2 protein chains.
Amino acid sequence: MFFSKSFGYALRGVLYVSIEGKEGRKIQIEEIAEQLSVPRHFLAKIMKAVVKKGILNSTKGPYGGFSINKKTLNTKLIHLVELTDGTELFNNCILGLKNCNGKNPCPLHDEIALIRSQLLNKFGKTRVGDLTDEENVNFIKSLAVV
Amino acid sequence: MFFSKSFGYALRGVLYVSIEGKEGRKIQIEEIAEQLSVPRHFLAKIMKAVVKKGILNSTKGPYGGFSINKKTLNTKLIHLVELTDGTELFNNCILGLKNCNGKNPCPLHDEIALIRSQLLNKFGKTRVGDLTDEENVNFIKSLAVV
DNA sequence: CGAATAAAAGACATTAATATCTTTTTAAAA
DNA sequence: TTTTAAAAAGATATTAATGTCTTTTATTCG
Ligand code: FES
Ligand code: FES
């Protein structure tokens with residue numbers, strides 16, 4: 001529900017690099033995939049898109065890997081969702097009607113719109129950096145839980 | 001987002017029969033699919049499951065079709081979700097972690113749990129019959145919008 | 001330069017969701 | 001009883017999401 005697996009992988013990948021990649025240390029896809037118990041090549045594909053968006057840096061070759069940049073910690077979660085799932089999902093009728101709007105709303109529209117706006121608001125405000133505080137960082141270890 | 005297409009088809013189908021099938025009039029799959037602009041055979045498969053769950057009645061043969069029963073209007077939306085999507089989706093970590101609980105929550109857990117409980121609450125309380133009041137019924141015409 | 005390393009890119013595979021088509025079963029009515 | 005209509009059932013097809021494998025490109029270092 002809510003979002004695709006790809007989104008989970010993307011956010012977890014970015015978080016891993018953000019947390020483990022302090023001081024610009026470069027992290028390799030191998031390590032990320034292993035630590036997060038995520039399919040390596042699939043993650044690589046997603047990380048490539050993340051880099052293309054400028055949310056992380058990457059360098060090829062020996063001693064290369066993924067590293068954070070100025071944008072990383074300021075990236076809002078919604079931008080990661082865009083990347084992996086698109087944003088139509090915030091605007092489509094929950095019943096699949098073609099036009100979701102106030103004009104001819106389905107009977108769930110109002111309450112769904114409310115819930116949806118909370119989610120959108122949360123994802124529009126929360127930044128990657130907000131999820132990497134000391135108090136939060138514990139969870140990263142549990143990412144690998146199989 | 002939120003739910004599958006199947007869920008939308010299921011609810012819309014049940015609503016159509018509930019609204020158009022007053023006095024026990026039987027509605028045929030052909031009519032439902034056409035009026036809702038939904039793939040006929042796919043809808044048939046879903047309606048079969050709805051009937052199996054006892055949420056609608058059906059009769060084969062001439063003058064047959066789908067009709068409402070005592071359960072129909074009292075059916076909670078959550079039961080339709082169960083039918084089409086299952087309910088794990090209300091309990092899985094939004095980041096894909098294996099265990100979503102308070103023990104070792106991901107940094108989004110609390111807010112997501114809140115939003116999720118609203119949705120669960122809404123779907124656990126709302127009944128099919130709540131969506132078929134006069135004021136709401138207008139939308140049924142827009143179901144067909146392509 | 002040449003070897004080694006790591007991401008980028010792209011081809012291919014699998015699975016789950018969605019969709020279509022055909023056959024079987026049930027029931028009504030002539 | 002035969003015909004016909006309609007859902008049930010099941011087989012097959014398509015598409016999108018997820019996952020794997022191979023080749024290419026860029027970078028470092030000896
Ligand atoms: S019209 Fe259905 S959610 Fe807006
Ligand atoms: S642990 Fe992530 S949503 Fe509960």
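No experiment lies behind these values; they were computed from the predicted model shown. In the text below, chain A, chain B and the rest are named by the order of the sequence lines, each starting its count at 1.
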- Message: I want to check something: taking the side chain as every heavy atom from C-beta on, are B/S18 and B/L73 in contact at a cut-off of under 4.5 Å?
- Response: yes

- With a non-hydrogen cut-off below 4.0 angstrom, is A/K48 in contact with a base, only sugar-phosphate, or nothing? base

- Testing D/dA7, D/dA8, C/dT18 for proximity to the side chain of B/S4, the answer is C/dT18

- Task: Using atom CD of B/E31 as one end and atom P of D/dA6 as the other, report the distance to the nearest whole Å.
- Result: 11 Å

- Message: Please tell me whether B/F3 and B/F123 form a close aromatic pair, meaning their ring centres lie under 6.0 Å apart.
- Response: yes

- Does A/L108 reach the side chain of A/L95, with side-chain heavy atoms less than 4.5 Å apart? yes

- Task: Could you state the atom-to-atom distance from CZ of B/F3 to P of C/dA17 in whole Å?
- Result: 15 Å

- Task: Round to the nearest Å and state the distance from B/F66 atom CZ to D/dA6 atom P.
- Result: 12 Å

- Distance in angstrom units between B/M47 CE and C/dT20 P, rounded: 17 Å

- Classify the nucleic acid contact of B/F42 as base, sugar-phosphate or nothing, counting any heavy atom under 4.0 Å across all strands shown. base

- Message: Closest-nucleotide mapping onto DNA chain C: is B/G61 or A/G61 further toward the 5' terminus? I mean the 5' end.
- Response: A/G61

- In whole Å, what is the span from the NE2 atom of B/H41 to the P atom of C/dT23? 13 Å

- Query: Whole-Å distance between D/dC21 P and A/E30 CD?
  - Reply: 12 Å

- Is the distance from OP1 or OP2 of D/dG19 to the nearest side-chain N or O of A/Y9 less than 4.0 Å? yes

- Item | Between C/dA6 (P) and A/N57 (CG): distance, integer Å | 18 Å

- B/T59 side chain N/O closer than 4.0 Å to the phosphate oxygens (OP1, OP2) of D/dA7? no

- Query: C/dA6 C1' sits how many Å from A/I32 CD1, rounded?
  - Reply: 12 Å

- Distance test, side-chain N/O of A/Y63 to OP1/OP2 of C/dA4, below 4.0 Å: no

- Task: Kindly point out which of D/dT20, D/dA11, C/dA8 is positioned nearest to the side chain of B/K45?
- Result: D/dA11

- Message: Mind checking if B/F7 touches a base, just sugar-phosphate, or nothing, with heavy atoms under 4.0 Å?
- Response: nothing

- Choose from D/dA6, D/dT4, C/dA8 the nucleotide whose nearest atom is closest to any side-chain atom of B/P62. D/dT4

- To the side chain of B/K5, which of D/dT28, D/dT25, C/dA19 is closest? C/dA19

- Item | Other residues, nucleotides, ligands: >12 heavy atoms within 6.0 Å of A/E111 CD | no

- Message: Quick check on DNA chain D: between B/I29 and A/K26, whose nearest nucleotide comes earlier from the 5' end?
- Response: B/I29

- Query: Same cluster or not: are A/L77 and B/L114 linked, directly or through other Ile, Leu, Val, Met, Phe, Trp or Tyr residues, by side-chain heavy atoms under 4.5 angstrom apart?
  - Reply: no

